[in-house]
Chemist: 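Below is one structure. I have some questions about it.
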Protein chains: 2
Amino acid sequence: MSDVFKALADDTRRILLDQLFDQNGQTLRQLTQTLSMSRQAVSKHLKILEAANLITIHWQGREKLHFINPVPIAEIVHRWVGRFEEARLDMLVDLKTESETKEEKRNAL
Amino acid sequence: MSDVFKALADDTRRILLDQLFDQNGQTLRQLTQTLSMSRQAVSKHLKILEAANLITIHWQGREKLHFINPVPIAEIVHRWVGRFEEARLDMLVDLKTESETKEEKRNAL
DNA sequence: GTTATATGCAACCATATGGTTGCATGTCAA
DNA sequence: TTGACATGCAACCATATGGTTGCATATAAC
């Protein structure tokens with residue numbers, strides 16, 4: 001869970017996911033081409049994405065194919081979105097009662 | 001956008017958001033109490049959350065109150081969830097056609 | 001079989017990150 | 001006004017992170 005957030009925190013790794021959303025199953029070499037960094041750097045990023053279960057690897061001869069694995073993140077992020085959604089609704093109430101006291105405000109959510 | 005992901009990547013900061021989901025508008029001192037680290041460390045984390053627009057600050061005398069700001073993240077994360085949802089549906093197709101060729105597989109998503 | 005291609009592994013490096021401590025400042029309360 | 005309390009600021013430190021390069025290995029192509 002922590003791994004997923006950490007994996008998503010890096011710009012390069014989000015770009016890599018973008019790449020795979022665009023065309024799934026690309027090789028390391030392919031994914032490297034659009035980025036301005038070494039193959040090894042990209043490989044490290046992909047390893048982190050794999051460890052976070054955001055992508056899966058399929059070997060085909062000497063080529064390493066990368067596929068998006070959307071299952072685990074969906075639930076996790078959903079949980080967080082859900083909580084922020086609730087908070088958003090409650091915030092509307094918050095705005096309406098701008099003049100309330102500190103104690104009341106503390107208990108608003 | 002990048003800031004939001006980076007802010008969420010840290011365990012302590014997610015705990016802090018948890019704290020605020022539990023009781024909104026807590027002071028720095030209050031938020032520090034449950035964590036086993038210095039007030040200054042917590043203050044830094046809160047600064048990062050504020051910079052990412054995930055919380056907002058209200059000063060009340062010498063006390064700094066922290067409130068969750070759910071608006072910006074909701075949209076951003078929604079975008080990502082949406083894409084992963086799409087990918088999840090497509091992956092079902094993927095699984096069904098396990099025996100397809102590499103080229104076909106590359107174009108599956 | 002030889003050469004080119006796709007990748008892994010390991011050492012190394014600069015900077016970012018998450019924490020600390022010490023001191024300064026502003027506000028509340030006696 | 002004096003003291004306690006809530007916070008900020010700055011320097012400092014250890015480790016994590018994101019990148020590099022050089023070399024090794026396995027597969028494909030000629």
Side-chain angles (χ1 to χ4, degrees), chain A residues 1-20 23-67 101-103 105-106, chain B residues 1-20 23-67 101-103 105-106:
Chain A
M1 152 116 187
S2 179
D3 292 340
V4 176
F5 279 111
K6 281 177 186 160
L8 288 174
D10 184 80
D11 304 72
T12 303
R13 289 194 284 273
R14 289 201 308 282
I15 291 173
L16 283 169
L17 289 176
D18 273 329
Q19 286 278 119
L20 290 176
Q23 187 183 26
N24 210 15
Q26 293 186 65
T27 68
L28 170 57
R29 179 73 49 183
Q30 282 180 299
L31 291 168
T32 303
Q33 276 166 5
T34 51
L35 295 169
S36 54
M37 67 180 66
S38 70
R39 170 181 58 82
Q40 287 83 349
V42 176
S43 179
K44 281 194 194 176
H45 283 300
L46 291 168
K47 198 158 281 184
I48 290 169
L49 288 171
E50 193 193 0
N53 223 3
L54 289 169
I55 61 173
T56 56
I57 307 298
H58 289 282
W59 278 95
Q60 188 143 47
R62 62 182 167 182
E63 288 185 327
K64 193 190 189 188
L65 307 182
H66 302 80
F67 294 88
T101 69
K102 167 178 159 189
E103 263 322 303
K105 199 143 199 169
R106 278 193 181 157
Chain B
M1 152 114 187
S2 179
D3 292 340
V4 176
F5 281 111
K6 281 177 185 161
L8 289 174
D10 184 81
D11 303 72
T12 303
R13 289 194 285 272
R14 289 202 308 282
I15 290 173
L16 283 169
L17 289 176
D18 272 332
Q19 287 278 119
L20 290 176
Q23 188 183 25
N24 210 16
Q26 293 187 65
T27 68
L28 170 57
R29 180 71 52 182
Q30 282 180 298
L31 291 168
T32 302
Q33 276 166 6
T34 51
L35 294 170
S36 55
M37 68 180 67
S38 71
R39 171 181 56 84
Q40 285 83 348
V42 176
S43 179
K44 280 194 195 177
H45 282 301
L46 291 168
K47 199 158 281 184
I48 290 168
L49 288 172
E50 192 192 1
N53 223 3
L54 288 168
I55 62 174
T56 57
I57 308 297
H58 289 283
W59 278 95
Q60 189 143 46
R62 61 182 167 182
E63 288 185 327
K64 193 190 188 187
L65 307 182
H66 302 80
F67 294 88
T101 69
K102 168 177 159 188
E103 263 321 303
K105 199 145 199 167
R106 279 193 180 156

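Bear in mind that the values here come from a model prediction, so they are computed numbers and not experimental data. We name chains A, B, ... by the order of the sequence lines, and we start the count at 1 in each one.
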Chemist: If we only count heavy atoms from C-beta on, is the B:L8 to B:L54 side-chain gap below 4.5 Å?
Modeler: yes

Chemist: Rounding to a whole Å, what distance do you find between B:Q33:CD and D:dC5:P?
Modeler: 13 Å

Chemist: Got a sec, which residues hit salt bridge (charged side-chain N to carboxylate O under 4.0 Å, His left out) with B:K6, two or more places apart in sequence or on another chain?
Modeler: A:D11

Chemist: Restricting both atoms to N or O, compile the protein contacts to nucleotides 11-16 of chain D shorter than 3.5 Å, with distance only.
Modeler:
none

Chemist: Among A:N24, A:L17, A:I48, which residue meets the side chain to side chain contact (heavy atoms under 4.5 Å, CB included) test with A:I55?
Modeler: A:L17

Chemist: If you compare all heavy atoms of B:Q23 against all heavy atoms of B:Q26, which two are closest, and at what distance to 0.1 Å?
Modeler: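 So the two residues come closest at O-NE2, 3.0 Å.
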
Chemist: Which residues pass the side chain to side chain contact (heavy atoms under 4.5 Å, CB included) test with A:T34, not counting sequence neighbours?
Modeler: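 In terms of side chain to side chain contact (heavy atoms under 4.5 Å, CB included), with neighbours along the sequence ignored, A:T34 is linked to A:Q19.
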
Chemist: I need the B:H58 NE2 to B:T27 OG1 distance, nearest 0.5 Å.
Modeler: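 With rounding to 0.5 Å, NE2 (B:H58) is 14.5 Å from OG1 (B:T27).
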
Chemist: State, yes or no, whether a side-chain contact exists between B:I57 and B:L46 at a heavy-atom distance under 4.5 Å.
Modeler: no

Chemist: Below 4.0 angstrom from OP1 or OP2 of D:dG19, is there any side-chain N or O of A:S38?
Modeler: no

Chemist: Less than 3.5 Å apart, which donor and acceptor atoms pair up between the side chains of residues 35-45 of chain B and the rest of the protein, not counting sequence neighbours?
Modeler:
from  : atom 1 : to    : atom 2 : distance (Å)
B:S38 : OG     : B:A41 : N      : 3.2
B:H45 : ND1    : B:R13 : NH1    : 3.0

Chemist: If I compare all heavy atoms of B:S2 with all of A:A9, which pair ends up nearest, and what's the gap?
Modeler: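 Scanning both residues completely, I find the closest heavy atoms to be OG-O, 4.5 Å.
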
Chemist: Starting at atom CG of A:L8, determine the distance to atom P of D:dG18, rounded to an integer number of angstrom.
Modeler: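 About 12 Å, once rounded to whole Å.
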
Chemist: Expressed in angstrom and rounded to an integer, what is the separation of A:L49 atom CG from D:dG18 atom P?
Modeler: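 Roughly 11 Å, once rounded to whole Å.
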
Chemist: Tell me every residue that passes side chain to side chain donor-acceptor pair (under 3.5 Å) with A:D3, counting only those two or more places apart in sequence or in another chain.
Modeler: none

Chemist: B:Q60 has an atom CD; how far is it from atom C1' of C:dT27, in whole Å?
Modeler: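 My rounded result for the distance is 13 Å.
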
Chemist: What are the residues of residues 9-16 of chain B, sorted by number, that bring a heavy atom to within less than 4.0 Å of DNA chain C?
Modeler: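 Output list: B:D10, B:T12, B:R13.
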
Chemist: Just report the end-to-end axis angle for the helix from C:dG1-D:dC30 to C:dA30-D:dT1, five pairs per end, to 10 degrees.
Modeler: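 The end axes of the helix from C:dG1-D:dC30 to C:dA30-D:dT1 are about 30° apart, to the nearest 10°.
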
Chemist: Nearest-nucleotide wise, let me know which of A:A41 and A:K6 is further upstream toward the 5' end of DNA chain D.
Modeler: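 In this pair, the answer is A:K6.
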
Chemist: Using atom NE2 of B:H58 as one end and atom P of D:dT7 as the other, report the distance to the nearest whole Å.
Modeler: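 So the two atoms are 15 Å apart, to the nearest Å.
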
Chemist: Which whole-number value in Å describes the distance from B:L46 CG to C:dG18 C1'?
Modeler: 14 Å

Chemist: Output a table of nitrogen or oxygen pairs between the protein and nucleotides 7-9 of chain C separated by less than 3.5 Å.
Modeler:
from  : atom 1 : to    : atom 2 : distance (Å)
C:dT7 : OP1    : A:L28 : N      : 3.3
C:dT7 : OP1    : A:K64 : N      : 3.0
C:dT7 : OP2    : A:R29 : N      : 2.8
C:dT7 : O4     : A:R39 : NH2    : 3.2
C:dG8 : OP1    : A:K64 : NZ     : 2.8
C:dG8 : OP2    : A:S43 : OG     : 3.1
C:dG8 : N7     : A:R39 : NH1    : 3.1
C:dG8 : O6     : A:R39 : NH2    : 3.1
C:dC9 : OP2    : A:K47 : NZ     : 3.2

Chemist: Between A:H66 (side chain only) and A:K64 (backbone N and O only), is there a donor and an acceptor less than 3.5 Å apart?
Modeler: yes

Chemist: Atom CG of A:L49 and atom OG1 of A:T12: how far apart are they, to the nearest 0.5 Å?
Modeler: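 Answer for the CG-OG1 pair, A:L49 versus A:T12, is 10.0 Å.
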
Chemist: Roughly how far, to the nearest 0.5 Å, is CZ of A:R29 from CZ of A:R62?
Modeler: 10.0 Å

